[in-house]
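Take a look at the structure below.
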Amino acid sequence: MTKAFIAGHPIKHSRSPLVHGYWLERYGLGGSYERLDIAPADFPAFVRDFAARGFAGGNVTIPHKETAYLAADRRTERAERLKAVNTLWVENGLVWGDNTDVLGFMAHLDQSLGQGWEQSVDTVLVIGAGGAARAVVAGLQDRPVGQILVANRTPAKADELARDLDRGPGTVRSLPWDTIGEVLPSVDLIVNSTSLGMAGQPPLDLDLRAARSRAIVADIVYVPLKTPLLAAAEAQGLRVVDGLGMLLHQAAPGFARWFGVTPEVTPDLRALIVSDIEKTP
Ligand code: ATR
């Protein structure tokens with residue numbers, strides 16, 4: 001029986017076990033996907049030992065993504081670029097790491113907006129500069145969008161992100177937090193990749209009245225599903241993309257690696273997670 005895990009600290013609120021549990025049942029596989037609470041000090045040893053403990057691999061979440069990147073024996077090119085790993089597996093005795101958040105975010109945009117959405121997107125504004133923001137920027141860079149502007153409360157982190165990920169002059173540029181309002185009228189896609197708007201956190205304070213009528217607003221927060229930012233965007237008639245799809249789509253490549261079946265993100269799966277979020281936010 002194949003075993004996989006999600007390792008984090010804390011881990012009890014993660015919805016990933018529900019996602020993988022749904023697929024294991026749906027595809028009739030006898031595997032398991034276990035929640036493991038691993039303290040930061042124990043994580044490097046865990047990366048060395050998980051195969052001996054009978055795991056084929058697993059997901060890594062807050063706060064271990066960077067340690068997983070450092071502790072893996074080999075990494076995909078994407079994980080190298082982001083310096084963060086969220087998916088681990090073993091190949092020929094070596095621990096490999098990938099970052100599937102990139103694919104997760106982009107697959108969800110494609111599914112929500114339809115293929116070819118980039119044609120009407122020139123300038124993107126990414127708010128936040130943490131691990132999730134890096135995945136968002138790296139995904140967008142593979143598409144024919146023009147400029148990617150990154151604004152973060154701590155400006156040095158936005159500068160560092162732009163330095164690490166920029167592939168040519170001007171494609172990724174950091175922007176002072178207090179100038180967000182000034183660029184808003186000229187952006188086509190706005191992505192919140194901070195934790196603002198999450199249950200228990202203050203909302204992202206953004207006055208969308210200055211935004212273009214064709215602007216798209218995406219959030220990576222999925223608890224609640226309709227964040228104050230998305231509600232404000234909807235009230236103004238803007239197109240919105242919620243954060244749950246990224247969670248669902250990032251899970252698929254890992255499942256395929258460990259269990260050998262490429263799973264589908266279906267409306268049923270989404271409904272299951274939505275009802276769980278509504279029950280216990
Ligand atoms: P993740 O891996 O989910 O991206 P992270 O690396 O801790 O998590 O990043 C969290 C992001 O949310 C950061 O951009 C953070 O801004 P700072 O770099 O200034 O900390 C942003 N964030 C969290 N709380 C915030 C707040 N109250 N106001 C503005 N930004 C906030």
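If you read the sequence from its start, that first residue is 1, and numbering goes on from there. When a ligand or atom number is given, it counts from 1 through the structure's own listing order.
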Within ligand 1, which atoms have a heavy atom of Gly128 less than 4.0 Å away? 14 (O)

Do Gln250 and Asn86 have side-chain N/O donor and acceptor atoms under 3.5 Å apart? yes

Closest protein heavy atom (residue, atom, distance) for atom 5 (P) of ligand 1: Gly130 CA, 4.0 Å

Here's a test for you: under side-chain contact (heavy atoms from CB on, under 4.5 Å), which of Val90, Leu88, Thr87 qualifies with Trp258? Thr87

Closest non-hydrogen protein atom to atom 23 (C) of ligand 1, residue and atom name please, with distance? Ser195 OG, 3.3 Å

In ligand 1, which numbered atoms sit nearer than 4.0 Å to a non-hydrogen atom of Gly131? 1 (P), 2 (O), 4 (O), 6 (O)

Under a 4.0 Å N-O cut-off, is there an ion pair linking Arg134 with Asp101? no

Atoms of ligand 1 under 4.0 Å from any heavy atom of Lys157, numbered from 1 in the order shown, are 18 (O)

Tell me the protein heavy atom at minimum distance from atom 18 (O) of ligand 1, and give that distance in Å. Asn152 ND2, 2.8 Å

Quick one about Trp117 and Asp110 (side-chain donor to acceptor, distance below 3.5 Å, no hydrogens or angles considered), yes or no? yes

Ignoring angles and geometry beyond distance, decide whether Thr154 reaches within less than 3.5 Å of ligand 1 through its nitrogen or oxygen atoms. yes

Charged N-O contact under 4.0 Å between Glu234 and Lys226: yes

Is any side-chain heavy atom of Arg78 less than 4.5 Å from a side-chain heavy atom of Leu103? yes

In terms of side-chain geometry, is the basic nitrogen of Arg75 or Asp98 positioned less than 4.0 Å from the acidic oxygen of its partner? no

So is Ala133 polar-close to ligand 1, meaning N/O to N/O under 3.5 Å? no

Which of the atoms of ligand 1 are close to Ala132, meaning less than 4.0 Å from one of its heavy atoms? 1 (P), 2 (O), 4 (O)

May I ask you to check if ligand 1 and Arg153 share an N or O to N or O distance below 3.5 Å? yes

Would you please indicate yes or no on a ring centroid separation below 6.0 angstrom for Phe5 and Phe46? yes

Less than 4.0 Å from atom 28 (N) of ligand 1, is there any heavy atom belonging to the protein? yes

Which residue and atom name correspond to the protein heavy atom nearest atom 11 (C) of ligand 1, and how close is it? Thr194 CA, 4.0 Å

